[in-house]
J.: 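Structure incoming, see below.
Counting convention: from 1, in listed order, for ligands and their atoms alike.
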Amino acid sequence: MLRLPTFRYHCPETAAEAVRIVAEHGSRARFVAGGTDLYPNMKRRHQSAEEVVSLAHIDELHGIDGDGIDGSLTIGAMTTLREVEQHPTIRAQYPALADAVALVSSPLLRNMGTIGGNLLLDTRCGYYNQTEEWRESIDFCMKEQGSICWVAPSSPRCYAVQSSDTVPLLCAIAAEVTLLSADGERRVEVDKLYRDDGIDYLSKQPGELLTHIHLPVLGSWRASYRKLRRRGSIDFPILGVGACVHMDGATVSDLRVRIGGVGSMPIVAKATEDALRGEVPAEDSIRAAADLAFKPSRTMDNTDSEVLYRKKMTPVYVRRALTDCVEILSA
Ligand SMILES: Cc1cc2nc3c(=O)[nH]c(=O)nc-3n(C[C@H](O)[C@H](O)[C@H](O)COP(=O)(O)OP(=O)(O)OC[C@H]3O[C@@H](n4cnc5c(N)ncnc54)[C@H](O)[C@@H]3O)c2cc1C
């Protein structure tokens, strides 16, 4: 049985107090939300913390506020995935987010896991998400104690993969987050929260607390999330496409497409966006634009399933996500 290492557990009741505790202990401290990513990682000795700062008792981090019609909708970082999935305003105004959340893992984990934790979960890799004994047998990898990336042995960087289901969609709908630290508060686009590095994967500073997620009014934008995984439940995405499309009459006036599960950060499908912007969407034009997502999809031997299969499936899933948006718009 895998056991948690010993740590001191803090239960602050305000966000300011949580931030203060983490600032006081520096790299020895970590926030914990639902713990569904952090605790398994601590049990496998991937991530460590001598001081664990629970966010569970901070009321200001819980709940959903706003209608998403006259103004933006704000979700507290500690809102569980289940609450997001079932919230009537989210289902009505942001159905693609409810869909993406419903595809995370299993009901049990969605009851514990939070939306804030989902945005900040660790990057994953087949050579990293293993027991300590297994990892020791290959002399570990550069994401922790080792010096080599087993996915690309001559690489100076780590290729662990961004594996959150909500991130591609939140990037595509241009959501933002509020980050609080001992130095104050700042607001950042979710799109700018990630770095292309499997180790140093967040632009957020370790002492910054994610307090809220802000969803813009979507108006006549329509969004979709499509996920590829081996089994119909539990599995992390090995490819996840978030798309958001705006039409002006019969023409696509703007769109954003983000591909998750195929890089250390969500990938912008720029060529796809450029190809479809200003076009009248039809089966052929959507397929041609989606095919351009093949090249930027950087599938590697770092997760489940065949590398080439995942790459070939990228245009298919981009096409399906775009078709969802356009069909909703024309319905
Ligand atoms: C079997 C299994 C299957 C899974 N399948 C999926 C899946 O299909 N899709 C998917 O997206 N995820 C999946 N997950 C991962 C995880 O359950 C979810 O991503 C969940 O949303 C994480 O939220 P949490 O609250 O439990 O995060 P935690 O584990 O509490 O935290 C995750 C990380 O974020 C940090 N953190 C958390 N909240 C904050 C905050 N407010 N401010 C600053 N830092 C913070 C923590 O320090 C930690 O580093 C799976 C996990 C397991 C165990």
J.: Could you tell me whether ligand 1 has any atom less than 4.0 Å away from a heavy atom of Arg110?
T.: no
J.: Have Lys143 and Thr123 got a donor and an acceptor in their side chains that come within less than 3.5 Å?
T.: yes
J.: Quick one: which ligand 1 atoms are inside 4.0 Å of a heavy atom on Gly34?
T.: 24 (P), 25 (O), 26 (O), 30 (O)
J.: Any side-chain donor paired with an acceptor under 3.5 Å for Ser253 and Asp248?
T.: no
J.: Compare Gly117, Ser164, Gly207 and give the one whose heavy atom is closest to atom 31 (O) of ligand 1.
T.: Gly117
J.: Considering only heavy atoms of Ala77, which atoms of ligand 1 have at least one such atom less than 4.0 Å away?
T.: 41 (N)
J.: Pick one of side chain, backbone, both or neither for how Ser106 approaches ligand 1, counting any non-hydrogen atom pair under 4.0 Å.
T.: neither
J.: Only heavy atoms count here, so choose which of Leu179, Leu38, Asp235 is nearest to atom 48 (C) of ligand 1.
T.: Leu38
J.: Asp254: which residues meet the salt bridge (Lys or Arg N to Asp or Glu O under 4.0 Å) condition with it, sequence neighbours left out?
T.: Arg277
J.: Heavy atom under 4.0 Å from ligand 1: found in Lys227's side chain, backbone, both, or neither?
T.: side chain
J.: Relative to the heavy atoms of Leu109, which atoms of ligand 1 are at a distance of less than 4.0 Å?
T.: 1 (C), 2 (C), 3 (C), 52 (C)
J.: Please could you name the atoms of ligand 1 that Thr36 approaches to less than 4.0 Å, counting only its heavy atoms?
T.: 16 (C), 17 (O), 18 (C), 20 (C), 22 (C), 23 (O), 24 (P), 26 (O), 29 (O), 53 (C)
J.: Is there a donor-acceptor contact under 3.5 Å linking the side chains of Asp122 and Tyr128?
T.: yes
J.: Have Tyr127 and Asp301 got a donor and an acceptor in their side chains that come within less than 3.5 Å?
T.: yes
J.: When you check the side-chain N and O atoms of Ser54 and His10, is any donor under 3.5 Å from an acceptor?
T.: no
J.: Can you confirm, on distance only, whether ligand 1 has an N/O atom lying under 3.5 Å from any N/O atom belonging to Phe31?
T.: yes
J.: If the cut-off is 4.0 Å to any non-hydrogen atom of Leu209, which atoms of ligand 1 fall inside it?
T.: 40 (C), 41 (N), 42 (N)
J.: Is Val52 isolated, or which residues cluster with it under the ILVMFWY side-chain rule of less than 4.5 Å, directly or via members?
T.: Leu4, Phe7, Tyr9, Val32, Leu38, Tyr39, Met42
